[in-house]
Amino acid sequence: MISAFDLFKIGVGPSSSHTVGPMTAARAFRDHVALLNGVAHVEIEIFGSLAWTGKGHGTDLALCLGMLGHEPATVDPDKMADYVAALRETRRLDGALSHVTFDPDRDVIFEFKELLPFHTNGMRFRAYDRAGVLLDEQVRYSIGGGFVATGEEQADEDVAYPLPFESGAELLRLCAESGRTMAELQFGNELARRSRSEVETGLDAVAAAMFDCIDRGVRQDGVLPGGLKVRRRAKKLRETLEQRSSVNSRPPHEIVDWVSLYALAVNEENAAGGRVVTAPTNGAAGIVPAVLRYCRDFCPGWSPERGREFLLTAAAIGGLIKRRASISGAEVGCQGEVGSAAAMAAAGLTAALGGTPEQIENAAEIAMEHHLGMTCDPIGGLVQIPCIERNAFGANKAIVAASLSLRGDGVHRVTLDEVIETMRQTGADMQAKYKETSQGGLAVNVAAC
């Protein structure tokens with residue numbers, strides 16, 4: 001089972017696999033180094049997608065922050081540049097590890113030719129003594145959504161989940177047999193690891209972080225960092241929509257603009273290195289918040305309980321996708337990021353609007369099906385083009401999927417399990433240059449300067 005709090009991690013942009021995962025892994029390695037005797041120097045090699053697009057995604061900076069002891073959920077986005085600048089000046093870690101040298105410009109090594117065996121997003125951490133003798137080495141993989149793995153087969157943690165499910169078919173069967181909704185099943189399994197109060201408070205905090213990110217994003221303007229000179233659009237779009245609100249005759253599709261606004265606001269914040277929630281990844285972080293905000297602002301009957309139902313249902317679907325396929329753009333392309341997020345958002349909205357388990361599964365299937373084959377080819381290795389607009393489209397497609405499912409009875413020809421398996425196979429067949437390496441597609445056909 002995968003917890004909602006594993007899928008919805010509060011962290012910083014621009015990428016969960018390039019920022020959140022590496023920072024988490026580096027922080028863990030720092031803690032490990034603190035237990036070793038005689039460590040005088042550390043270095044980190046990064047491989048595959050982390051190497052090819054690491055500069056644009058800020059992977060080297062995330063690793064530095066982790067080695068300084070910072071964590072994605074608590075590091076201050078406004079001070080991150082200062083922390084790294086100080087490290088570049090001293091070339092030493094701080095606190096109890098101030099005797100350990102670490103030069104960001106020399107000791108973060110981008111390995112472009114070699115790949116580690118388990119996943120393209122590989123990291124090798126090494127610790128040396130004063131004589132340069134290797135004391136310890138650890139390999140970790142950032143497998144998407146901020147998850148970090150060792151690459152070894154690991155048994156599920158020793159948690160007795162009351163009603164675990166491993167497929168969409170099993171999830172529907174459990175709903176039918178138990179008389180519970182998908183959200184209730186997910187909630188019951190969450191209680192195996194946390195108290196009721198912790199789950200409810202945690203879900204409310206996730207929703208609040210999503211809404212806060214939208215609110216901050218619609219206030220900011222200027223040019224996003226990285227060199228592409230992409231201007232923020234959310235603030236101007238919000239001003240336009242607010243000005244238009246006083247006009248008697250407004251186009252009925254205006255609500256699409258509001259949904260797009262919410263998604264753009266989040267992913268512009270993500271591109272700027274602001275605080276976002278992996279949902280299930282940073283590259284697709286705007287979709288679930290945009291649809292959740294749409295549910296809050298435009299659908300009747302909003303309440304914190306409805307928000308929790310939305311997120312729990314989305315987590316149930318996201319957990320299935322992660323376990324049965326992947327949510328990593330580096331592994332299966334953007335279908336695994338934006339497609340997964342759209343499926344999660346469609347399921348959450350359908351549940352919040354009173355859909356049956358069959359309609360929820362249908363909504364997730366529709367949303368995922370119509371993202372199959374989507375490549376991950378960010379221009380300049382930055383999570384900006386086409387990533388920001390792609391979230392706006394994914395959010396609106398999720399709403400369409402929910403609407404279509406609610407108009408039906410849940411009976412459909414293609415199952416969610418079949419679409420997830422198709423996504424996995426499509427990702428396996430996809431050439432590496434279309435999977436977050438910026439070696440194909442838009443990344444090479446559009447000038448990055």
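To the nearest 0.5 angstrom, Leu416 atom CG is 8.5 Å from Arg324 atom CZ. Going from atom CG of Leu406 over to atom CG of Asn362 covers 9.5 Å, rounded to the nearest 0.5 Å. To the nearest 0.5 Å, atom CZ of residue Arg231 and atom CG of residue Leu224 are 9.5 Å apart. Atoms NZ and CG, on Lys235 and Leu261 in that order, are 13.0 Å from each other to the nearest 0.5 Å. Atoms CD1 and OH, on Ile255 and Tyr294 in that order, are 4.5 Å from each other to the nearest 0.5 Å. The CZ atom of Arg390 sits 10.0 Å away from the CD atom of Glu337 when rounded to the nearest 0.5 Å.
Other residues, nucleotides and ligands contribute at most 12 non-hydrogen atoms within 6.0 Å of the CZ atom of Arg180. A 6.0 Å sphere centred on OH of Tyr83 holds more than 12 heavy atoms belonging to other residues, nucleotides or ligands. Heavy-atom neighbours of Glu389 CD from other residues, nucleotides or ligands within 6.0 Å: at or below the threshold of 12.
Between Arg216 and Glu268 there is no salt bridge, since no side-chain N of the basic residue sits under 4.0 Å from a carboxylate O of the acidic one.
In the model, Gln425 has a side-chain atom that pairs as donor or acceptor with a side-chain atom of Glu421 under 3.5 Å. In this model, no donor atom of one side chain and acceptor atom of the other lie less than 3.5 Å apart for Glu331 and Thr120. Side-chain contact annotation: Ser49 with His18, donor-acceptor N/O pair under 3.5 Å present.
Because its NZ or CZ atom is not both nearer than 6.0 Å to the ring centre of Phe29 and within 45° of the ring axis, Arg140 does not count as a cation-pi partner of that residue.
Of the candidates Trp258, Trp302, Tyr262, Asp297 forms a side chain to side chain contact (heavy atoms under 4.5 Å, CB included) with just one, namely Tyr262.
Inter-residue side-chain proximity for Met430 and Gln335 is flagged as met; some heavy-atom pair is nearer than 4.5 Å. No side-chain heavy atom of Arg238 sits less than 4.5 Å from a side-chain heavy atom of Ile214.
Using modelled atom types, one side-chain atom of Gln384 and one backbone atom of Pro225 make a donor-acceptor pair closer than 3.5 Å.
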